[in-house]
There are 2 protein chains.
Amino acid sequence: MSEKLTIGKLASATGTKVETIRYYEQIGLLPTPARSAGNYRTYEGEHLRRLSFIRRARDLGFSIEQVRELMGLADRREQSCMAVDVIANQHRDAIARKIADLTALASELDALIDSCSRNTVADCRIIEALGPS
Amino acid sequence: MSEKLTIGKLASATGTKVETIRYYEQIGLLPTPARSAGNYRTYEGEHLRRLSFIRRARDLGFSIEQVRELMGLADRREQSCMAVDVIANQHRDAIARKIADLTALASELDALIDSCSRNTVADCRIIEALGPS
DNA sequence: ATGCACCCTCTAGTCGCTAGAGGGTCAAGC
DNA sequence: GCTTGACCCTCTAGCGACTAGAGGGTGCAT
């Protein structure tokens, strides 16, 4: 089977950088692996599963702390998954807010850019709009 | 006129924190002001104008480096404002990309959340979806 | 035995602030 | 004139989530 991975193998298997894996270990997100005779980290299937979980959650924009919580919850399999639902919903709401903010920003910027007459800086509407009221 | 502001006055006049103003000075974004007998920073109209410019550009999501560039350009008033336009457009594109990314994320999350049966963690679709393929 | 890819630890840097320690200054009220 | 309290000063470290680099060791093929 695919037991015993070096950090490089684990990295390419999960699309993570080697340094990031070491960082996850350092902050206690990934359990410390065994070491080889030459002091190399040797990872097993469980590490691969954990790191895949972390990667996906991070790709979905969950913070490290949220990932930590989700992993803690995922390990208590007999419990209600309401807490999981709460975290996911909080995150969705945060994303919705971010989208709204950025959309407002984009239209402000669009208006600014449209107004630019493309002449000298002296009568550039963009610079003007940024200046004092 | 409104010459000679203390850092606190400048802060409240521009909606900036005092620490942030000192930070802007430290990184060379805001020119170093004169000092009073008691070593207090004394700001003038020009500082107010500059800081207002910075604040607005930052509120529109421009990075510190972009603000620095924009301010440099704004000072060369006889030149073409094409460079200004380029920066603004780059920034608008970056925002558009961010919105697209977040929107994709939001719908992934929505699907995930909808699928949750709200039972135990063992058969929680959210946890499952985060697990290894 | 030599080269090269990979691994190790440790430290510092990124961005844009923010917070805190440990002090000095200034104006008002008593 | 003395105290109180709001303001100011410098310096350093912290946030999140990595990333980069120095300076070295390991493992394997040629």
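All values derive from a computational prediction rather than experimental measurement. Below, chains carry the letters A, B, ... as their sequence lines are ordered, and counting in each starts from 1.
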Nucleic acid contacts - residues 11-24 of chain B versus DNA chain C, non-hydrogen atoms under 4.0 Å: B:Lys17, B:Thr20, B:Tyr23, B:Tyr24
Verify, without hydrogens or angle tests, whether [X] (side chain) and [Y] (backbone) share a donor-acceptor contact under 3.5 angstrom.
| X | Y | result |
| --- | --- | --- |
| B:Glu69 | B:Gln66 | no |
| B:Thr42 | B:Ala34 | yes |
| B:His91 | B:Leu60 | yes |

Between [X] and [Y], does any side-chain N to carboxylate O distance fall below 4.0 Å?
| X | Y | answer |
| --- | --- | --- |
| B:Glu65 | B:Arg68 | yes |
| A:Asp59 | A:Arg55 | yes |
| A:Asp75 | A:Arg50 | yes |

A side-chain contact here means heavy atoms from C-beta on lying under 4.5 Å apart; do A:Phe62 and B:Leu109 qualify?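 Contact flag for A:Phe62/B:Leu109 side chains = yes.
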Encode nucleotides 24-30 of chain D as B, S and - characters from 5' to 3', where the letter depends on protein heavy atoms closer than 4.0 Å: B to the base, S only to sugar-phosphate, - to neither. -BBS---
Any A:Arg41 side-chain N or O less than 4.0 Å from OP1/OP2 of C:dC7: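 Looking at the OP1 and OP2 atoms of C:dC7, neither is under 4.0 Å from any side-chain N or O of A:Arg41.
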Does B:Arg35 have a side-chain nitrogen or oxygen under 4.0 Å from the phosphate oxygens OP1 or OP2 of D:dT10? yes
Rounding to a whole Å, what distance do you find between [X]:[atom1] and [N]:[atom2]?
| X | N | atom1 | atom2 | value |
| --- | --- | --- | --- | --- |
| A:Phe62 | D:dC18 | CZ | C1' | 20 Å |
| A:Leu30 | D:dA17 | CG | P | 16 Å |
| B:Ile64 | C:dG13 | CD1 | C1' | 17 Å |
| A:Tyr43 | C:dC8 | OH | C1' | 12 Å |
| B:Asp59 | C:dC17 | CG | C1' | 14 Å |
| B:Gln26 | C:dC15 | CD | C1' | 13 Å |
| B:Arg58 | C:dC17 | CZ | P | 4 Å |
| B:Leu10 | D:dC9 | CG | P | 11 Å |

Identify which one of B:Leu105, B:Asp101, B:Ile99 satisfies the side-chain contact (heavy atoms from CB on, under 4.5 Å) criterion when paired with B:Thr103. B:Ile99
The reported gap from CD1 in A:Ile27 to CD1 in A:Ile64 (rounded to nearest 0.5 angstrom) is 4.5 Å
Name the nucleic acid region contacted by B:Ile7, choosing base, sugar-phosphate or nothing; use a 4.0 angstrom heavy-atom cut-off, strictly under.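 Answer is sugar-phosphate: B:Ile7 comes under 4.0 Å of backbone atoms only.
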